[in-house]
Amino acid sequence: MPTDHRIHETGEYMLEAKERQWLQSDRVGSISPGVLVTDVLVAGGGPCGLMLANELGRRGVRCLVVDAKPGTAFNPQANATQARTMEHFRRLGFAHEIRAQGLPPDHPTDIAYFTRYAGHELALIRLPTAAEATVRIKSLTGSWSAAELPHRVSQKFVEQTLRRHAQSWPAADVRYGWTLEAFHDDGSAVHATVRPTEGGAAQQVRARFLVGADGARSLVRRRLGIAWGGVTGIQRDFMGSKMFAVYLRAPGFAAVLRHPKAWMYVAVNHQRRAFMASVDGVSEYAFHAALRPGEDAEGWTEEDARRVFAEAVGADVPVEILSYGTWLAGHALVAQRLREGNVFIAGDAAHLFTPTGGLGYNTAVEDAVNLGWKRAGVVRGHAPPALLDSYEAERRPLAERNTGFARRFADSVGLFSALPELEEASERGEAERLRAARHLDRHARLEFDIPGVPFGGRYDGSPVIAGDGTPPPPDEPNAYVPTARPGGRPPHAWLEDGRSLFDTFHTEWTLLGLGPDAPPTAGFEAAARELDVALGVVRLPQPALRALYEAPLALIRPDQIVAWRGATADGAHGVLARATGRQP
């Protein structure tokens with residue numbers, strides 16, 4: 001199959017004198033002795049901060065990541081990596097490493113609902129194992145046509161991989177055990193103070209930009225005075241108010257199950273609602289139980305953790321407690337702004353989710369993806385500072401959309417009332433279990449078969465998207481309509497040689513020429529040289545691809561979003577100028 005990859009990286013965007021002077025200051029102490037100079041200071045070494053370090057580091061943009069913790073997460077935290085996130089990991093070259101982590105390749109990834117784990121099974125949704133996912137993905141079409149399927153892996157393992165790759169980039173300096181203490185933005189730079197968390201001399205930092213990816217209690221957001229919008233304190237029987245979390249080791253858990261093992265186990269009964277995800281597929285689990293009205297878990301001990309776990313299991317199982325604590329469910333919050341001057345917020349600092357659907361961590365990764373190529377373009381002089389205005393315009397509506405979906409999933413499971421009769425050995429108990437089974441079966445498909453959530457997010461209305469006037473597809477969680485309408489994920493296809501279409505995309509900008517009679521692309525190539533845009537031209541003659549994109553030409557951004565599609569290269573200069581923030 002003939003494929004033409006041509007990359008243009010010529011020319012230089014004209015910088016203001018101040019911008020050029022900044023880029024030439026590339027060594028510690030080059031501004032003044034004792035000041036560490038970097039392009040981007042990132043507060044927070046979770047998935048968002050580490051993904052941003054990878055996006056910047058691979059583009060040669062200097063970044064300093066600081067995190068008060070001694071290292072990456074010990075506790076499991078998020079447990080599901082959505083398909084779109086896996087596609088971004090594939091773009092960066094390490095999706096296969098992520099898929100090799102977490103559960104063993106043949107471990108079930110099913111979600112099972114029980115009265116108690118050792119009791120009656122109420123509902124089950126089957127999903128492919130890691131080994132099956134790599135095979136099945138090649139034959140899936142429609143909503144699940146993708147380069148990658150979701151993967152069930154604890155965030156603690158994902159962070160280890162992200163950190164390893166981030167630290168491999170010479171431009172990235174990742175420092176755990178360092179705390180951001182203070183900062184101020186003078187309009188041309190951010191001046192910050194960081195210090196070793198365990199004590200020691202402070203380090204002054206001068207950065208072109210600061211990104212607060214420092215979590216729900218973000219120092220950066222609070223110092224900027226940015227308030228939350230949305231709702232919090234939502235009360236439900238489950239996934240509302242206080243939750244008690246336990247990271248535990250229970251090698252004997254599988255022996256008490258009356259049904260095949262799964263990945264996630266959900267307990268639905270009148271006494272104790274809970275869910276539990278397998279961390280390593282062997283003996284480690286992340287267990288979360290809803291607190292009942294009047295319970296205060298702040299003073300609970302390991303014995304309480306064992307007691308609550310036994311209530312959800314319905315049997316005594318020997319348990320080693322690795323950690324425990326409380327957290328608050330019932331959030332659907334988005335910061336009212338994502339930027340002030342040269343300071344930005346992202347990840348949990350910008351939006352808080354109830355974890356149904358696993359959307360918080362995945363939304364945070366895409367924040368970093370969106371911000372990474374734009375920040376790099378500005379720092380390297382390939383785009384004007386105005387490009388950064390599109391970050392909030394694109395990501396804030398997506399955060400509101402995603403928190404809304406998570407709230408919908410949480411309502412579906414958390415507002416279901418588990419009556420005492422559910423566990424009775426009687427006709428009344430059978431009837432109640434049937435009622436619960438019907439509801440939970442519908443809920444499981446609502447929450448866990450969601451191609452529309454990761455694939456259907458759109459940037460309609462963004463100032464750097466050239467809309468074509470076509471109507472958007474329905475935005476529903478359980479169905480995704482592939483479309484090359486500008487502002488969304490490009491439609492995916494597997495090529496005849498076995499490659500993913502996404503694997504043909506250039507690392508920066510890509511112009512697709514589709515179909516046997518695709519028009520000339522010289523106009524875009526000339527505009528790319530003039531505007532200093534790294535553009536790869538990919539020609540694929542298959543008529544099916546032309547039909548899939550409903551146009552012979554499509555411009556794909558570095559974050560694999562369609563920026564424009566059309567029939568000719570006429571007006572290419574204006575298209576590229578708009579897509580890179582040079583003109584409205």
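If you read the sequence from its start, that first residue is 1, and numbering goes on from there.
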So for atom [atom1], which belongs to [X], do other residues, nucleotides or ligands contribute more than 12 heavy atoms lying within a distance under 6.0 Å?
X: R126; atom1: CZ; result: no
X: N478; atom1: CG; result: yes
X: R292; atom1: CZ; result: yes

Q: Write out all pairs satisfying ring pair (Phe, Tyr, Trp, His ring centres under 6.0 Å) with one or both partners inside residues 428-449, taking only residues at least two apart or from two chains.
A: F416-H439
(Q) Among residues at least two apart in sequence or on other chains, which ones pass ring-ring contact (aromatic ring centres under 6.0 Å, His included) with Y113? (A)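 So Y113 forms no ring-ring contact (aromatic ring centres under 6.0 Å, His included) with any residue.
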Q. Does H107 have any ring-ring contact (aromatic ring centres under 6.0 Å, His included) partners at least two apart in sequence or in another chain, and if so, which?
A. none
Give the table of side-chain donor-acceptor pairs shorter than 3.5 Å for residues 450-457, with sequence neighbours excluded, one pair per line with atom names and distance.
none

Q | With R273 via side-chain hydrogen bond (donor to acceptor under 3.5 Å, both in side chains) - residues at least two apart | A | none
Q: Enumerate the residue pairs fulfilling side-chain hydrogen bond (donor to acceptor under 3.5 Å, both in side chains) with a member in residues 242-268, sequence neighbours excluded, ordered by first and then second residue.
A: K156-Y247, K242-E298, Y247-E284, R249-E284, R249-E320
Q. Would H351 and T403 count as having a side-chain donor-acceptor pair, cut-off 3.5 Å?
A. no
Q: With H288 as reference, evaluate Y324, F275, F238 under the ring pair (Phe, Tyr, Trp, His ring centres under 6.0 Å) test and give the passing residue.
A: F275
**Q.** Residue that, paired with V220, satisfies side-chain contact (heavy atoms from CB on, under 4.5 Å) out of D214, V211, I226, L41
**A.** D214
